[in-house]
Amino acid sequence: MTAPSEIRVRFCPSPTGTPHVGLIRTALFNWAYAKHVGGTFVFRIEDTDAQRDSEESYQQILEALNWLGLDWDEGIGVGGPHEPYRQSQRGDIYQDVIQKLLGAGHLYESFATAEEIEARNVANGRDPRQGYDNFERELTDEQKAAFRAEGREPSLRLRVPDTDLSFDDLVRGEITFKAGSFPDFVVVRPNGQPLYTLVNPVDDALMEITHIMRGEDLLSSTPRQIALYHALVEIGVAKFIPRFGHLPYVMGEGNKKLSKRDPESNLFLHRDRGFLPEGLLNYLALLGWSIAADRDVFTMEEMCAAFDVADVNPNPARFDLKKAEAINAEHVRLLEPEDFAGRLVPYLQAAELVATPATDAQLEIVRQAAPLVQSRMQLLGETPGLLGFLFVSTDDLVFEDDALKTLKDGALDVLAATAESLEGVSEWATEPIEAAMRAKLIDELGIKPRLAFGPARVALSGRRISPPLFESMELLGREATLARIQKLRDHLSA
RNA sequence: GGCCCCAUCGUCUAGUGGCCUAGGACACUGGCCUUUCACGCCGGCAACACGGGUUCGAAUCCCGUUGGGGUCACCA
């Protein structure tokens, strides 16, 4: 990471739903870039739409960033020189800016309703999709008074220059918009409430954000934001125009943007299924960026050291759950044993296999069992399935159908021999157990390993897939092991 | 429709004029290992959208075509 710099980036979500992976990817890139350049990462909330914003969503965003470990230097919760960081609390600031903009002639009153604008376009033979045609720019005082007499209140629009507008996008390079493709837009509602179109650039200006990295969906609104910036610079609210970088979309199935309705977009669903924060973040980083030609598993520290927005790939990326899970599995295996064991507990608790809080005995089992499953899971959510048998009583253990189906005709005899071999084990530990079973089943009876050990596996775990057999027996204990073998024998002969 | 963006294996990508008979990863697949499932190891399949230029030389630069996407709100 380089020395501290004056670079300031921000993440400014609108609390209108549960956190979306695309939103998180945007936060991640801003965060990593700030760390990379030694800049400042500002976190503010854009809650200017009382109709859609919710406190619950706000809390979820905080919870998400906290879970992921994406910390910020300035903003919500930590304060800073530009408080407050929730736009709903910055009304006075906006009113002041609006007055200045109005005074300098950058804003003008617009009384037309959406219906009237459309009707006007139709009447003029203009494609209604082209939107507003700036026809109220030069309304006379008489005309305004007449509208007011009708009881109408005006919205305020920004007077946008009638020229081409270019900027140098951080990920796409030079982009030019033709004059006329970005009409005068509304920045203040008739009731005086400012809109995102105004407050977003105003806050970025006031907070002196230098690099704006955001979703590609905002690309087409960039020229008009820059137009607003020019006005803000002129009235002294902005010191400079920031650089913009538009991050590629995160796509879902087919060719559509991953929507909020799509379960794969829900960050918390991934968490609940057992993604590690570091695994999910690593995968998200791969959507539009890569750390090296022959590597795709890395830590966030490594990412911060390497990340530059200039290296972001402009093409849209599809969210591939399979690959995300594979990356997560790599991180699962990278965890220190104690750390890994600790992360298993919440998933066992969610399945009600372990008490909350967990007992010491339960934690001890988790600690011992963890190494047996660390390389056999991709998601922590697989834990209950893999280790559940260690936390249920023999009576409650159920033999699953697909497990039972693996049993061949000789299973009953094999179980009898297994029980017999186990009776003679003096020290109940993995090695002696394996030695005893091998001596009896493989050497003496000549049974193939697969057939010899399969029945015991089903007996102990009730499942087709389980942690290594002998280790599992040791953990379960002699009594439970023998009781389960007997239970399966009873079940099979019934 | 106007405007804007994008275009390398099925997917994510490496590639910034010669190192490319295009590299890695996921997925798929053959094999080894093996008490199940995994892990690990070895191998395979598979791409520069198309057409013109520029150049001694193009996946890389330019133009066009086609295809995809986004955006045109008193949402953010």
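When reading the values below, keep in mind they use all heavy atoms of this one structure, side chains included, and skip hydrogens, waters and symmetry mates. Letters go in sequence order (proteins before strands), and every chain restarts at 1.
Atom CG of A:Asp409 is surrounded by 12 or fewer heavy atoms from other residues, nucleotides or ligands within 6.0 Å. Within 6.0 Å of CD in A:Glu431 there are 12 or fewer heavy atoms belonging to other residues, nucleotides or ligands. Atom CD of A:Glu336 is surrounded by 12 or fewer heavy atoms from other residues, nucleotides or ligands within 6.0 Å. Counting heavy atoms of neighbouring residues, nucleotides and ligands inside a 6.0 Å radius, atom CD of A:Glu150 exceeds 12 of them. Applying the 6.0 Å contact sphere to CD of A:Glu444 captures more than 12 heavy atoms from other residues, nucleotides or ligands.
With sequence neighbours excluded, the residues forming a side chain to side chain contact (heavy atoms under 4.5 Å, CB included) with A:Ala292 are A:Asp294, A:Arg295, listed by chain and number.
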Apply ring pair (Phe, Tyr, Trp, His ring centres under 6.0 Å) to A:Phe29 and A:Phe307, showing your working. CA-CA 8 Å; A:Phe29 281 15; A:Phe307 185 82; 4.8 Å; yes
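Residue contacts shown for A:Arg172 are limited to sugar-phosphate atoms, with no base heavy atom under 4.0 Å away. Within 4.0 Å of A:Ser375, counting heavy atoms only, lies at least one base atom of the nucleic acid. As judged by a 4.0 angstrom heavy-atom cut-off over every strand, A:Thr406 is placed among residues making no nucleic acid contact. Base engagement by A:Ala112 is indicated by at least one non-hydrogen atom pair under 4.0 Å involving a base atom. As judged by a 4.0 angstrom heavy-atom cut-off over every strand, A:Arg333 is placed among residues touching the sugar-phosphate backbone only. The residue A:Arg450 sits close only to the backbone: its heavy atoms come under 4.0 Å of sugar-phosphate atoms, none of a base. Within the 4.0 angstrom heavy-atom criterion, base atoms lie near A:Asp127. Across all strands, A:Asn313 comes closer than 4.0 Å only to sugar-phosphate atoms, never to a base (heavy-atom distances). A:Pro468 comes within contact range of at least one nucleobase, with a heavy-atom separation under 4.0 Å. Residue-level contact check: A:Pro190 touches the bases, meaning some heavy atom is under 4.0 Å from a base atom. Note on A:Arg318: only backbone sugar-phosphate atoms sit closer than 4.0 angstrom, heavy atoms only; bases stay farther off. When heavy atoms are screened at a 4.0 angstrom cut-off, A:Leu469 is found touching base atoms of the nucleic acid. Among the atoms of the strands shown, none is found under 4.0 Å from any heavy atom of A:Gly180. Across all strands, A:Thr176 comes closer than 4.0 Å only to sugar-phosphate atoms, never to a base (heavy-atom distances).
Separating the P atom of B:C28 from that of B:C33 is a span of 22 Å, rounded to the nearest Å. B:A47 and B:A59 are spaced 10 Å apart, taking the C1' atom of each and rounding to whole Å. B:G1 and B:C63 are spaced 24 Å apart, taking the C1' atom of each and rounding to whole Å. The P atoms of B:C19 and B:C5 are separated by 31 Å, rounded to the nearest whole Å. Comparing B:G31 with B:A22, their P atoms are spaced 27 Å from each other, to the whole Å. For the C1' atom pair drawn from B:C20 and B:C48, the interatomic distance equals 10 Å after rounding to whole Å. For B:U35 and B:C42, the C1' atoms lie 24 Å apart once the distance is rounded to whole Å. Comparing B:A27 with B:A46, their C1' atoms are spaced 11 Å from each other, to the whole Å.
A:Arg157 and A:Ser110 share a side-chain donor-acceptor pair at under 3.5 Å.
As the counterpart of B:C50, B:G64 is assigned, both hydrogen-bonding distances of the Watson-Crick or G-U wobble pattern falling under 3.5 Å. Partner assigned to B:U71 is B:G2, using Watson-Crick or G-U wobble distances below 3.5 angstrom. Under the Watson-Crick or G-U wobble criterion, with both distances below 3.5 Å, B:C41 is paired with B:G31.
The interatomic distance linking A:Tyr283 (OH) with B:C26 (C1') rounds to 9 Å, in whole Å. When rounded to the nearest whole Å, the span between CZ of A:Phe182 and P of B:C3 equals 13 Å. Atom-to-atom, CG of A:Leu321 to P of B:A27 comes out at 11 Å; the value is rounded to the nearest Å.
Less than 6.0 angstrom separates the ring centroid of A:Phe135 from the ring centroid of A:Tyr132.
Against the 90° criterion about 0, the sugar-base torsion of B:C39 places it in the syn range.
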Polar pairs (N or O, both sides) under 3.5 Å between protein and nucleotides 68-71 of chain B?
| unit_1 | atom_1 | unit_2 | atom_2 | d |
| --- | --- | --- | --- | --- |
| B:G70 | O3' | A:Tyr249 | OH | 3.2 |
| B:G70 | O2' | A:Tyr249 | OH | 2.9 |
| B:U71 | O4' | A:Ser220 | OG | 3.3 |
| B:U71 | O2' | A:Ser220 | OG | 3.1 |

